Amino acid sequence: MSGKVTLVGAGPGDPGLLTVRGLEVLSQADVVVYDRLISPAVLDLIPTDARRIDVGKNAGCHPVPQHEINQILLREALAGHNVVRLKGGDPFVFGRGGEELEALARGGAAFEEVPGVTSAIAAAAYGGIPATHRDYASSLHIITGHARKDGPLNIDFEALVRVKGTLIFLMGVTALPRIVEGLLGAGMDPATPAAMVENGTLPSQRRCGAGLADLPERAAEMGIHSPALIIVGGVCALASKLCWFEGRLLYGKRILVTRPKDRAGTLSSILRTKGAEVVEFPCIETRPILPNPSLEAALEGISDYEWLGFTSPAGVEAFWRCLRAMGKDARALGGVKLAAVGSATGKALEDHGLAADLIPEVFDAAHLGESLARAASGKVLLLRAEEGSAALTEALAAARVEYRDIPVYRTVYQHPDAPELRKELEAGRFDYVIFTSASTVKGLVSAMGQETDFSHVTGLCIGSQTAAEAEKYGISVKIAEKASIDALVDLAVRADEKV
Ligand code: SAH
């Protein structure tokens, strides 16, 4: 069986800029060979069963030499594997993609190439700089600013100045002063608009703009590092008008999301769309309680109950898994009415073809209890976490509603090894940590250790119970107006104003 290498352009960093074809071949890869500039968000798209070979650094932290990379690709392809070679941006724009394919051609291995979105154009675009514009530039030049060790820059500055196009330098951060000197020496106007875009298309993107002569000083002030583009030309003046990226509501905010992995997705993606840099640290996991004889018995006698009460989407999912594990489905519920604590729990029921008959106006346990107490004339069956909130059962008891409380899942704390995260929390490197339940607070504290200093942490909490738990550990808290994901996002957007 013969294998193949597909050279895939991974784009500049934002995983949304990986092409549809790129994602398709990546999802079928047996082996993925990648280097330094591939963003973690793109690496997350590698199938879990694919073997990863990182050629961006070896044991000594130096990149694997090109001839060895060529050998690895050839070896894996000839061994019959479906190899994806992931490269930052476009593989053929200063990516040595041509050299790798030549080596494969020489070695007799099959190959294909999937172009990528080059950082040269995309990072400029995310910085509000169109590569060309009829009023400013009729050509575009992409130039390497990389010089062989201590050698001179091999750039024809006179020619570049003469064509009056947009100039985009890659790998030019170290050589910035020499590039600027070269252009000025060849007669370019010192006031020519110029810019740099660092970490383009990533949430950590920064832009710096100045007249050409002042660019090195401005970049040094801001501490601009590689990877960054240097862009020179009239189009740079448009950035102040067109910089949509930096205008997003959560631009520049670093947010830690502590939800369980299977539930973090929506929250994280909304925050990212609004420009935040999101770090996910799932510190709790919910596990259905199985086998579950009490649940089984309750379902046998389901006609004794008038209402079922659910207090979280996790509860609905766990219940559903228990139900299926017992060989039952929705018909086991008969004509019982369904109450959900909030809209997300209602949505989780919808996902299984069940419509909630009751959702309280305020999404919390106490209000669910009060609404149920008003609505119920028969027995209530609560299907929820092992350590469910007492506010619900107290409200039912106060109204003398008969109920049964059956745990369908338990929360398990995760302890991923994360010494770096603890340091970052202690140093205040996150603008906010989002807590969607009191158990996420407990989970984070238990993962970081009780002795962690949380005094630099601002917790955005879904409700007052969660906030009370966070305050126990010295976390400053802000509480969402409603117990919903949208309200938490809203809180993140407005959190600064409220201080
Ligand atoms: N093949 C790549 C370029 C590789 S050369 C492409 O098409 O994008 C590496 C250089 O690309 C870096 O030194 C930097 O100048 C530029 N670069 C890559 N990713 C970047 C990013 N996210 N933001 C700004 N510049 C980037």
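Model, not experiment: these values are computed from the prediction. Both ligands and their constituent atoms are indexed starting at 1 by order of listing.
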Exercise. Between R51 and E76, is there a salt bridge with N-O shorter than 4.0 Å?
Worked result: yes

Seminar exercise, completed: Contacts of T132 meeting side chain to side chain donor-acceptor pair (under 3.5 Å) (sequence neighbours excluded), chain-then-number -> none

Check: [X] N/O within less than 3.5 Å of ligand 1 N/O:
X: E198; answer: no
X: A123; answer: no
X: M171; answer: yes
X: A228; answer: yes
X: L202; answer: no
X: D90; answer: yes
X: G200; answer: yes
X: V93; answer: yes

Problem set entry | G13 to ligand 1, any heavy atom closer than 4.0 Å | no

Exercise. Out of curiosity, is N199 lining ligand 1, as in a heavy atom under 4.0 Å away?
Worked result: yes

Exercise. Which residue pairs satisfy the side-chain hydrogen bond (donor to acceptor under 3.5 Å, both in side chains) criterion with at least one member in residues 233-256, sequence neighbours excluded?
Worked result: R207-E246, K253-D496, R254-E424

Exercise. Are side-chain N/O atoms of E277 and S204 paired as donor and acceptor at under 3.5 Å?
Worked result: no

Problem set entry | Residue pair S439 / Y413, side-chain donor-acceptor N/O under 3.5 Å | no

Exercise. Does any non-hydrogen side-chain atom of L23 lie less than 4.5 Å from one of L45?
Worked result: yes

Seminar exercise, completed: Under 4.0 Å between heavy atoms, the region of V197 that gets near ligand 1 turns out to be backbone

